[in-house]
Amino acid sequence: MTKDWLRWHQDYDSPNSSLARRLRVVQHDLRRALTEAPHDAHGRRRLISICAGDGRDVLPILAEHDGGRTIEALLIERDPTLSQRARTAAIGLGLPRTDVRTADAGATDTYLHIQPAHLLLTCGVFGNITINDVGRTIAMLHTLVLADGIVIWTRGRTDDGHDPSHDIRACFAEHGFIEMSFTSPADARFRVGMHRLTARPATVPPMPPGTRMFSFI
Ligand SMILES: C[S@@+](CC[C@H](N)C(=O)[O-])C[C@H]1O[C@@H](n2cnc3c(N)ncnc32)[C@H](O)[C@@H]1O
C-alpha cells in the first residue's frame, strides 16, 4: 500500500513539528541558492523540484524573490491532488513561469525534453527510496543540473541513530559536487544538504530513455 502523502503534508501545519522546522531550513537554503546559483545571459534561472508535493517549500520563496519573474520553475509530482494544489498555489502567488506536471519523477522519460536546471530540489525523496536508487539518482543529476548548479536535498536519520545522510554527502562528493551547507539539528531527525555541481563533465549525454532512476518503496 502506498503512503498517504496528503496526510503526510498535514504535519507542515503544526509550526513546531519537525517537518515545519525542516521547511524553514529548506526555504532558508533556497533563498541563498537563488542568489548564488548560476544564471543565463539574461539573468534567468531554471529550477526543477522532483517529487514536489504541494510546492510549499519552493513557491512562496519564488514569489518573494522577485515575483518569479526571473525563474522558470518545473515541479514534478505524481499525486494529482497535490500537484493541483501546487498549480493553484502558483496561480495564487502570481507565478506564471511555473509549470506543475503530474508525472513520475523517477522515470527518465519524464525529463526527455527538459533542459538542465540551475537549481534542483530533491526534498523528501532520499528517505523513501533504496540506497541504490539514491546512488543512481545522484549519479544522473549531472544530466539535470548545469555546471555550478545547486541541489538542495533532505534525508532523515533513523530511530536507532543511524544517519544515512553521511553516505549521501559522500555520494555527492563522488559525483562532482561540493557541499555548500549541511544542517543537522541535534534535537531533530531531519537533515538538509545543499551541494554545488563543480565538476560537471564537458559533454553530458542526455538521459537514457526508458530507464528508472528511482521508485518509492
Ligand atoms: C515526502 S513527500 C515530499 C514532498 C515535498 N518535496 C516536500 O518536501 O514537502 C514525497 C512526495 O513524492 C511524491 N512521489 C512519490 N513517488 C513519486 C514519483 N515517482 N514521481 C513524482 N512524485 C512522487 C509523493 O506523492 C509525495 O508528494
Side-chain angles (χ1 to χ4, degrees), residues 2-5 7-9 11-12 17-30 32-33 37 47-58 74-79 82-83 86 103-108 110-111 116-117 119-145 149-186 188-197 207 211-217:
T2 58
K3 191 157 172 167
D4 183 346
W5 293 113
R7 196 185 172 124
W8 179 90
H9 277 71
D11 266 4
Y12 274 128
S17 67
S18 182
L19 197 56
R21 284 179 65 191
R22 191 192 87 173
L23 175 66
R24 292 193 281 275
V25 176
V26 169
Q27 291 185 329
H28 170 274
D29 285 358
L30 179 57
R32 177 177 164 202
L47 175 152
I48 299 172
S49 177
I50 66 175
C51 302
D54 65 8
R56 75 175 72 197
D57 43 3
V58 170
L74 172 64
L75 276 57
I76 305 171
E77 166 56 46
R78 191 173 56 182
D79 183 277
L82 288 167
S83 46
D104 181 354
T108 57
T110 297
Y111 305 93
L119 267 163
L120 183 139
L121 281 88
T122 171
C123 296
V125 178
F126 292 158
N128 293 299
I129 63 179
T130 64
I131 191 66
N132 283 347
D133 279 5
V134 172
R136 192 188 352 270
T137 301
I138 293 174
M140 288 176 110
L141 281 181
H142 61 270
T143 65
L144 293 179
V145 178
I150 295 175
V151 177
I152 298 173
W153 57 275
T154 67
R155 177 65 170 106
R157 75 165 157 71
T158 57
D159 281 333
D160 62 7
H162 174 57
D163 195 341
S165 63
H166 299 306
D167 293 337
I168 294 173
R169 296 163 81 190
C171 191
F172 271 105
E174 212 179 294
H175 289 94
F177 289 82
I178 58 148
E179 191 164 277
M180 296 172 68
S181 75
F182 178 66
T183 305
S184 58
R189 293 191 344 192
F190 71 83
R191 276 86 184 90
V192 180
M194 180 155 65
H195 278 78
R196 189 189 285 280
L197 180 56
M207 280 240 166
T211 303
R212 180 139 291 281
M213 213 163 34
F214 63 80
S215 308
F216 270 39
I217 47 177

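Counting from 1, the numbers follow the sequence of the chain as shown. Reckoned from all heavy atoms, side chains included, excluding hydrogens, waters and symmetry mates.
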Just grab all the side-chain hydrogen bond (donor to acceptor under 3.5 Å, both in side chains) pairs involving residues 119-130, residues at least two apart or on different chains. none

So, taking the atom named OG1 in Thr137 and the one named NE2 in His175, what distance separates them when rounded to the nearest 0.5 Å? 10.5 Å

Output all residues satisfying side chain to side chain donor-acceptor pair (under 3.5 Å) with Arg136, sequence neighbours left out; order by chain, then residue number. Asp133

To the nearest 0.5 Å, tell me how far Cys171 SG sits from His166 NE2. 14.5 Å

Does Thr211 reach the main-chain N or O of Thr108 with its side chain, forming a donor-acceptor pair under 3.5 Å? no

Mark yes or no for whether His142, through its side chain, and Ala139, through its backbone, hold a donor-acceptor pair below 3.5 Å. yes

What residues form a salt bridge (Lys or Arg N to Asp or Glu O under 4.0 Å) with Arg32, not counting sequence neighbours? Glu36

For His9, does the NE2 atom sit with more than 12 other heavy atoms under 6.0 Å from it, leaving out its own atoms? yes

Here the pair of heavy atoms bringing Thr110 nearest to Ala103 is CG2-CB, 3.9 Å

For Arg191, does its backbone N or O pair with a side-chain atom of Thr183 as donor and acceptor, under 3.5 Å? no

With side-chain contact (heavy atoms from CB on, under 4.5 Å) as the test, pick out the partner of Leu120 among Leu74, Leu197, Ile48, Leu47. Ile48

Enter the distance from Met213:CE to Ile129:CD1 here, rounded to the nearest 0.5 Å. 8.5 Å

According to side chain to side chain contact (heavy atoms under 4.5 Å, CB included), who are the partners of Glu179, at least two apart in sequence or on a separate chain? Arg169, Phe182, His195

Closest heavy-atom contact between Ala86 and Gly55? CB-N, 4.3 Å

Hits for side chain to side chain donor-acceptor pair (under 3.5 Å) against Asp104, two or more places apart or cross-chain, chain-then-number order -> Arg212

What class does the angle between the rings of Phe214 and Phe216 fall in, given that below 30° is parallel, 30 to 60° is tilted and above 60° is perpendicular? tilted

Which residues pass the side chain to side chain donor-acceptor pair (under 3.5 Å) test with Ser49, sequence neighbours left out? none

Nearest-0.5 Å distance, CG of residue Leu119 to CG of residue Leu144: 13.0 Å

Listed by chain and number, what are the ring pair (Phe, Tyr, Trp, His ring centres under 6.0 Å) partners of Phe126, not counting sequence neighbours? none

Only counting residues at least two apart or in another chain, list the ones meeting side chain to side chain contact (heavy atoms under 4.5 Å, CB included) with Asp159. Arg189

Give a yes or no answer on whether the side chain of Tyr111 reaches the backbone of Ala105 with a donor-acceptor pair at less than 3.5 Å. yes

Minimum heavy-atom distance Thr143-Pro116, with the two atoms named: O-CB, 3.7 Å

Taken in chain and number order and not counting sequence neighbours, the residues that satisfy side chain to side chain contact (heavy atoms under 4.5 Å, CB included) with Ala188 are Ser18, Arg21, Pro185, Phe190

If you compare all heavy atoms of Arg157 against all heavy atoms of Ala186, which two are closest, and at what distance to 0.1 Å? NH2-O, 4.0 Å

Return the set of residues passing salt bridge (Lys or Arg N to Asp or Glu O under 4.0 Å) with Asp57 (not counting sequence neighbours), or none when no residue passes. none

Side-chain heavy-atom pair Val151, Met194 within 4.5 angstrom cut-off: no

Any donor-acceptor pair under 3.5 Å linking the side chain of Glu77 with the backbone of Leu82? no

Among residues at least two apart in sequence or on other chains, which ones pass side chain to side chain donor-acceptor pair (under 3.5 Å) with Asp160? Thr158

Are side-chain heavy atoms of Cys123 and Ile152 found at a separation under 4.5 Å? yes

List the atom of Ser165, the atom of Arg155, and the distance in Å for their closest heavy-atom pair. N-CG, 4.2 Å

Set of side chain to side chain contact (heavy atoms under 4.5 Å, CB included) partners for Ile131, sequence neighbours left out: Val134

In Å and rounded to the nearest 0.5 Å, what is the OG to CG distance from Ser17 to Asp11? 5.0 Å

One should read off an interatomic distance between Trp153 CH2 and Asp29 CG, to the nearest 0.5 angstrom, of 11.0 Å

